[in-house]
Amino acid sequence: MLRKTGLMLALLLSTALFAYTPQRNLRLKAMPTASSNTAAMLIQKITDHLNSQNSEYSLSAKALEMGIDGFLKLAATGEVSADKPLTIIDFSLPSSKKRLWTIDPTSGKILHHTWVAHGRNSGGLMAEKFSNTSSSYMSSLGFYRTAETYSGKHGYSLRLDGIEKGVNDRARERAIVIHGAEYANPEFIKKYGRLGRSLGCPALPMSQYEAIIDSIKEDGCLFIYAPNTDYLQASILHNNDRTT
């Protein structure tokens, strides 16, 4: 009888441990696979809206594909809200071009499309080098969860939590936030041929940053893309067989 009772307790404990899933901990498990049909439908909706803009340049197909794939995986685990806009920054474009999009994840509608600055040590016109290290003054790639707002030295700002370990997970301690900056305005481009650069933050035009922050704050998804081999190899979101 004692042996039977012990076995039952062991089974109950094993079941409880198996059912327990730590919250907000992408580092301990592989990500789920996003539904290809869901992703394809959403990409088509967004592409239709992008094409309707009649712009001479647009969000790269790879940035969109990776952004949607990661967003769906993160929304499925509750890491980000499925109801908040998805923000994609495409660093395959120069800073003289509008390279930030905020997207309604249901309709695919483009809510905002504007300029965004990169870190001063990431490059001049193009962002080409990236870092997760404090005082590097470089941008970091990958997926972020938008957090709380606050008022600091740049005024109204939005804190970011980097989701990908070793890629951007030191964003909060590095004070990587979204804020407005005079050097992120189109007038700066007219004078210098590119935007000014930040200390690593994705800085936005003064006329738009408040509205964008209000629309994406608190559990929204931000994806910063560049055609960077090191990131693709390091990202758990794009390597489902890897766990760390």
Side-chain angles (χ1 to χ4, degrees), residues 42 45-46 49-50 52-53 55 57-60 63-64 67-68 70-71 74-75 79-119 122 127 139-163 168 171-172 174-189 194-226:
L42 182 51
K45 288 180 181 180
I46 296 168
H49 284 288
L50 289 170
S52 70
Q53 292 182 332
S55 177
Y57 61 94
S58 190
L59 177 61
S60 69
L64 178 57
I68 294 301
F71 165 73
L74 291 168
E79 277 290 321
V80 301
S81 171
D83 300 321
K84 290 290 181 73
L86 164 64
T87 303
I88 299 179
I89 294 174
D90 185 356
F91 279 159
S92 70
L93 293 169
S95 67
S96 57
K97 303 296 186 182
K98 293 181 180 180
R99 52 185 182 170
L100 177 145
W101 288 260
T102 63
I103 302 165
D104 184 307
T106 301
S107 67
K109 182 179 179 181
I110 309 303
L111 304 176
H112 298 97
H113 180 206
T114 193
W115 296 273
V116 58
H118 56 256
S122 283
S139 299
S140 296
L141 299 176
F143 285 86
Y144 298 77
R145 179 176 53 253
T146 63
E148 74 277 11
T149 60
Y150 71 101
S151 183
K153 65 178 181 179
H154 297 293
Y156 189 50
S157 304
L158 174 64
R159 296 193 193 279
L160 300 172
D161 289 317
I163 290 174
N168 60 19
R172 184 172 283 260
R174 292 179 62 203
I176 302 301
V177 303
I178 293 179
H179 62 79
E182 293 291 348
Y183 57 76
N185 294 320
E187 291 78 11
F188 196 100
I189 299 173
R194 60 167 173 78
L195 289 184
R197 294 162 298 170
S198 68
L199 300 183
C201 298
L204 305 179
M206 295 298 293
S207 61
Q208 295 174 282
Y209 79 99
E210 290 182 329
I212 292 174
I213 286 175
D214 282 339
S215 70
I216 69 175
K217 65 183 180 181
E218 299 169 358
D219 295 328
C221 182
L222 164 66
F223 175 53
I224 302 180
Y225 167 81

Task: Residues in salt bridge (Lys or Arg N to Asp or Glu O under 4.0 Å) contact with Arg194, at least two apart in sequence or another chain - done: none

Open item on the list: Please give me the minimum heavy-atom distance between Ala203 and Ala184, naming the atom from each residue.
Closed with: O-CB, 3.7 Å

- [ ] Dump the intermediate steps for side-chain contact (heavy atoms from CB on, under 4.5 Å) on Leu86 and Ile68, then the final yes or no.
- [x] CA-CA 8 Å; Leu86 164 64; Ile68 294 301; 3.6 Å; yes

Open item on the list: Within this structure, what is the NZ-OG1 distance for the pair Lys109 and Thr102, rounded to the nearest 0.5 Å?
Closed with: 10.5 Å

Task: Partners passing ring pair (Phe, Tyr, Trp, His ring centres under 6.0 Å) against Phe188 (at least two apart in sequence or in another chain) - done: Tyr192

Task: Those residues that, when tested against Lys84, pass side-chain hydrogen bond (donor to acceptor under 3.5 Å, both in side chains) (two or more places apart) - done: none

- [ ] Taking all heavy atoms of Tyr156 and all of Tyr209, pick out the closest pair and write down the distance.
- [x] O-CE1, 3.2 Å

Open item on the list: Please give me the minimum heavy-atom distance between Ala171 and Leu160, naming the atom from each residue.
Closed with: CB-O, 3.9 Å

Task: Within residues 85-96 or reaching into it, pairs that qualify as salt bridge (charged side-chain N to carboxylate O under 4.0 Å, His left out) - sequence neighbours excluded - done: none

Task: Gap separating the CG atom of Leu111 from the NE2 atom of His49, nearest 0.5 angstrom - done: 9.5 Å

TODO: Drop me the distance from Thr114's OG1 to Gln208's CD, to the nearest 0.5 angstrom.
DONE: 3.5 Å

Open item on the list: Enumerate the ring-ring contact (aromatic ring centres under 6.0 Å, His included) contacts for residues 81-103, please, sequence neighbours excluded, ordered by first and then second residue.
Closed with: Phe91-His118, Trp101-His113

Open item on the list: Show the nearest heavy-atom pair for residues Ser140 and Arg174, with the distance to one decimal.
Closed with: OG-NH1, 2.8 Å

Open item on the list: Would you call the rings of Phe223 and Tyr225 parallel, tilted or perpendicular, taking 30° and 60° as the class edges?
Closed with: tilted

Task: Inter-residue atom distance Leu93.CG - Leu59.CG, 0.5 Å rounding - done: 8.0 Å

Open item on the list: For Tyr150, give me all partners under side-chain contact (heavy atoms from CB on, under 4.5 Å), at least two apart in sequence or on another chain.
Closed with: Ser157, Arg159, Val177

Task: Value rounded to 0.5 Å, distance of CD1 in Ile103 from CD1 in Ile110 - done: 4.5 Å

